[in-house]
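Read through the structure below, which is laid out as structure tokens, and then see the notes.
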Number of protein chains: 2
Amino acid sequence: MGHGLTRGRLAADAGVNLETVRYYERVGLMPEPDRTSGGHRDYRPEHRQRLVFIRRARELGFSLDDIRALIALSEPGRRTCAEVEPIAAAHLFAVRAKIEDLRRLEMVLDDAVGRCAGGTAPSCPVIEVLGGR
Amino acid sequence: MGHGLTRGRLAADAGVNLETVRYYERVGLMPEPDRTSGGHRDYRPEHRQRLVFIRRARELGFSLDDIRALIALSEPGRRTCAEVEPIAAAHLFAVRAKIEDLRRLEMVLDDAVGRCAGGTAPSCPVIEVLGGR
DNA sequence: CCTTGTTCCTGTAGTGGCTACAGGTTGCAG
DNA sequence: CTGCAACCTGTAGCCACTACAGGAACAAGG
């Protein structure tokens, strides 16, 4: 009955899990599509574009709240850059902080694991780092 | 009535949220302590040591499942290193993978934000990266 | 037209690792 | 003995999904 895309097709096309589509609709990230006479969702190409947008933004680590804002700002007729930049810059900042955190923790782990590899010591360097015994 | 530590005291000493202590007990990471006559938890120093262990392991990014294993392996009388090393090494591997992911994404973001800063362009590089318009 | 099998529908519950709240009891200091 | 802080329990919420159960609709083959 529908002449557009089914939910399964849309999800596959955009590279997103089937259930995730319904979730995005529920939280207001995806607009409610038309329905077939039988009640099945009937998507159009703009839905696919929107879903790909969301997927890419998620891959870049933006939160769903950020993505809501980015979607609003990507509507035609907006002078976007000035409004988009702070969101992206804040996220970039957070990403860099996360990298720093992980690097510090990589060093501690690497050191402990390196000393661990030695052999059958009576106490383990990894456990020691954690304050055990 | 209790001559040990209260939950609040334990949590503060170990640098952990009050409610988190109860949560760790619920999921079997912290042993159930004795109770006062009135039903309040009454912790002893070994509880604090355990909680600090958990907190440090969390800071290093270990999952609660990993931590359960590490705790078991940190019991006295275990020849730990050979058994601890694979857990820590696997985690180190995951941390490095995460750093790689974040670095890739940092580059994409940095590039887009850099081009964004330019000014009042008609279309925004960040939005373009995401496939919008 | 009818059957078959896949996809879809809805609502709900679970994941990890907490955190927060409500409504009530206990502990302790003044 | 009063007052209030800290505790008690159970439960719900957070994020971003993912999975399931029980049933209806759709597309293709006979």
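Lettering follows sequence order; numbering is per chain, from 1.
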Between Arg58(B) and dC18(C), is there a contact of a side-chain N or O with OP1 or OP2 at under 4.0 Å?
yes
Which part of the nucleic acid does Phe62(A) contact within heavy-atom distance under 4.0 Å: base, sugar-phosphate only, or nothing?
nothing
State whether Arg55(B) and Glu59(B) are salt-bridged, where the test is any N-O pair (Lys NZ or Arg NE/NH1/NH2 against Asp/Glu carboxylate O) under 4.0 Å.
yes
CD/Glu32(A): more than 12 non-hydrogen atoms of other groups inside 6.0 Å:
no
Closest nucleotide among dC8(C), dG10(D), dA19(D) to the Glu19(B) side chain:
dG10(D)
Arg41(A) atom CZ is separated from dA25(D) atom P, nearest whole Å, by 15 Å
For dA6(D) and Thr6(B) - does any side-chain N or O of the residue sit under 4.0 Å from the phosphate oxygens OP1/OP2?
no
Interatomic distance where CZ belongs to Arg7(A) and C1' belongs to dT7(C) [whole Å]
9 Å
Rounded to the Å, how far apart are His3(B) NE2 and dG27(C) P?
13 Å
Could you tell me whether Glu100(B) and Arg103(B) have a side-chain N and a carboxylate O separated by less than 4.0 Å?
yes
Rounded to whole angstroms, how far apart are CZ on Arg35(A) and P on dC26(D)?
12 Å
Between CG of Asp65(A) and C1' of dC15(D) the distance, given in whole Å, is 10 Å
Ser37(A), nearest nucleotide to its side chain (from dC26(D), dT18(D), dC17(D)):
dC26(D)
How close or far is atom C1' of dT15(C) from atom CZ of Arg26(B), stated in whole angstroms?
13 Å
Out of dC18(C), dT10(C), dG10(D), whichever nucleotide has its closest atom nearest the side chain of Leu64(B):
dC18(C)
Any side-chain N or O of Thr20(A) less than 4.0 Å from the OP1 or OP2 oxygen of dC17(D)?
no
Quick check on DNA chain C: between Val16(B) and Gly39(A), whose nearest nucleotide comes earlier from the 5' end?
Gly39(A)
Looking at Arg68(B) and Asp65(B), is there a salt bridge between them, counting it only when a charged N and a carboxylate O are closer than 4.0 Å?
yes
Please state how far atom CZ in Arg68(B) lies from atom P in dG16(C), giving the value in whole angstrom units.
9 Å
Does dC26(D) have its OP1 or OP2 closer than 4.0 Å to a side-chain nitrogen or oxygen of Thr36(A)?
yes
Listed nucleotide nearest any side-chain atom of His40(B), set dC7(D), dC17(D), dC18(C)
dC7(D)
Counting only heavy atoms not in Arg35(B), do more than 12 fall under 6.0 Å of its CZ?
yes
Rounded distance in Å - OH (Tyr23(B)) to C1' (dG10(D))
16 Å
